[in-house]
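Here is the structure we will look at.
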Amino acid sequence: MTDEPDPRADDPGGRPRTHSEAVGGQNKPDIDRENPDVSDLLTELAALEDAVDEDHEQQKVRQTIALVERMPSSRAFTRRVSKYTTRDIAESFVGSILISLPLLVEDGVYDIGDHFLAVTVVGVPMFLLANVAFIVFLSAGLMYYADFRDVDVQRILGIVPRRLLGVLVVSLVTATTLMTMWGRVEGWEDPWVAFARISVIWTAAAFGAALGDILPGESEGPDIRERIDSFTDAVGGDD
C-alpha cells in the first residue's frame, strides 16, 4: 500500500505544509506565503479540489471557493469567473441577438456567403472553413486572453472548454434560428450555401455571446454541473 503524504508534516524550513503541497509537491502553487491574500487562498482551494477524490468532498471545496469569491475583499469579487450557469447561457443569447440583429437586414450577407464558397480545394470551401476557425479563435480570445475577466478554463472530457463550447453553440443556434425565421435562408436545398450565409451572422453573434457571457461577471445560482448532478440523482432515484 502506498503511503499518503501527511499534509501536517513540516518542510525543511519548519513551516507546516499545505494540503496541496503535500499531495502534489511538484505542482505547488506559486503564491506569496509571507503576505497571503484571498487570491492565494483561492489558489490553495483550487489545488485542494484537484487533490480530493470523493465527489462530496469536491462539492464542499467548490462551495467554499464560491463563498470566498464573493468576499468583498476578493479580487475575484469583481473579476474572477469560475461557475458556468444557466444565467450565463441566457446572457450569451442576449448578447448574440444584440450584435447580430443589425446584420440580418443587410443584403451583404448574401455576397459574403457567396464569397466564402468561391474558393475551394478538392471541393472544400476554404474561406468558409477559415471563417469558422476565426469564430472559434475570436470567441476564445475574448473570453480567455482579452483580460476582461479572470475566467477559469473547465473542460468537458478534459478536452473542450465548456464555456467556449456554450458560447459557440448558443450563438450558432441564435444565428440559424434568426436567419431562418427572418427568411434570410432561401431554402435548405444547398446546405453549404445556407451555412455560408448563416456563418456571416454567426461571426457577429459569437462576438456578442462571448461579451454577454463574461462582461457582467460571475452569475449567481448553481453551476450547470451541479444542476446536472441533481437532475441525474432525481431521475436515478433510490435503488
Side-chain angles (χ1 to χ4, degrees), residues 79 81 83-157 159-219 221 224:
R79 291 187 57 81
V81 178
K83 295 188 301 180
Y84 188 56
T85 69
T86 53
R87 185 169 181 173
D88 290 314
I89 296 176
E91 290 170 347
S92 294
F93 174 68
V94 173
S96 63
I97 288 182
L98 289 177
I99 300 298
S100 62
L101 274 181
L103 297 179
L104 284 170
V105 298
E106 295 291 336
D107 290 338
V109 170
Y110 296 147
D111 298 332
I112 298 173
D114 294 341
H115 175 69
F116 284 160
L117 300 174
V119 178
T120 61
V121 176
V122 295
V124 178
M126 301 306 297
F127 283 172
L128 177 58
L129 293 183
N131 187 61
V132 172
F134 171 72
I135 294 171
V136 174
F137 285 111
L138 171 68
S139 302
L142 284 173
M143 290 189 294
Y144 301 125
Y145 302 105
D147 200 29
F148 290 113
R149 292 284 186 268
D150 181 10
V151 181
D152 285 349
V153 182
Q154 301 184 29
R155 303 178 186 275
I156 298 176
L157 301 178
I159 301 174
V160 182
R162 64 172 184 170
R163 187 176 296 273
L164 174 61
L165 179 62
V167 164
L168 293 175
V169 171
V170 168
S171 57
L172 176 58
V173 171
T174 301
T176 302
T177 302
L178 290 177
M179 286 285 287
T180 303
M181 185 173 64
W182 286 33
R184 305 299 284 173
V185 177
E186 298 173 355
W188 287 86
E189 292 78 9
D190 191 336
W192 279 115
V193 173
F195 180 68
R197 293 174 178 176
I198 289 172
S199 71
V200 179
I201 304 301
W202 185 22
T203 305
F207 179 82
L211 293 180
D213 182 2
I214 62 175
L215 283 184
E218 184 168 272
S219 300
I224 284 181

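Atoms considered below: every heavy atom in the structure, side chains included; atoms not considered: hydrogens, waters and symmetry mates.
Leu129 places none of its side-chain heavy atoms less than 4.5 Å from the side chain of Phe116. Within the 4.5 Å cutoff, the side chain of Trp182 has heavy atoms near those of the Val105 side chain. Side-chain atoms of Val160 and Arg155, non-hydrogen and from C-beta on, never get closer than 4.5 Å to each other. Val119 is not listed as a side-chain neighbour of Pro125, based on a closest heavy-atom distance of 4.5 Å or more. In this structure, the side chains of Leu128 and Trp192 come closer than 4.5 Å at one or more pairs of heavy atoms. Contact annotation: the side chain of Phe207 never approaches that of Ser139 to less than 4.5 Å [non-hydrogen atoms, C-beta and beyond].
A pairwise comparison of heavy atoms in Ser171 and Ala209 identifies CB-CB, 4.1 Å as the closest pair. Looking at every heavy atom in both residues, Ala204 comes nearest to Ile99 through O-CG2, 3.2 Å. Nearest heavy atoms, Gly166 versus Tyr84: CA-OH, 3.4 Å. Closest heavy-atom contact between Ala175 and Ile201: CB-CG2, 3.9 Å. The minimum heavy-atom distance between Ala194 and Val185, with the atom names listed, is CB-CG1, 3.6 Å. Heavy atoms only, all atoms of each residue included: Tyr144 and Pro161 are closest at OH-CB, 3.5 Å.
The CG atom of Leu165 lies 5.0 Å from the CD1 atom of Ile156; values are rounded to the nearest 0.5 Å. We find the CG-CG distance between Leu101 and Leu178 to be 6.0 Å, quoted to the nearest 0.5 Å. Rounding to the nearest 0.5 angstrom, the gap separating the OG1 atom in Thr203 from the CD1 atom in Ile198 is 12.0 Å. Distance CD1/Ile112 to OG/Ser199: 9.0 Å, rounded to 0.5 Å. For the atom pair CG (Asp213) and CE (Met143), the distance works out to 6.5 Å, reported to the nearest 0.5 Å. Atom CZ of Arg197 sits about 5.5 Å away from atom OH of Tyr110, to the nearest 0.5 Å.
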Evaluation steps, side-chain contact (heavy atoms from CB on, under 4.5 Å), between Leu215 and Glu91:
CA-CA 10 Å; Leu215 283 184; Glu91 290 170 347; over 6 Å; no

As a quick check of understanding, evaluate side-chain contact (heavy atoms from CB on, under 4.5 Å) for Trp202 and Val132, giving each step before the final call.
CA-CA 9 Å; Trp202 185 22; Val132 172; 4.2 Å; yes

Let me see the working for Thr120 and Phe127 under side-chain contact (heavy atoms from CB on, under 4.5 Å), right down to the final yes or no.
CA-CA 8 Å; Thr120 61; Phe127 283 172; over 6 Å; no

Please step through side-chain contact (heavy atoms from CB on, under 4.5 Å) for the pair Thr176 and Val173, ending with a clear verdict.
CA-CA 5 Å; Thr176 302; Val173 171; 5.8 Å; no

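Sorted by first and then second residue, the salt bridge (charged side-chain N to carboxylate O under 4.0 Å, His left out) pairs with a member in residues 106-120 read Asp107-Arg184; sequence neighbours excluded.
With hydrogens and angles disregarded, a donor-acceptor distance shorter than 3.5 Å links the side chain of Ser96 to the backbone of Phe93.
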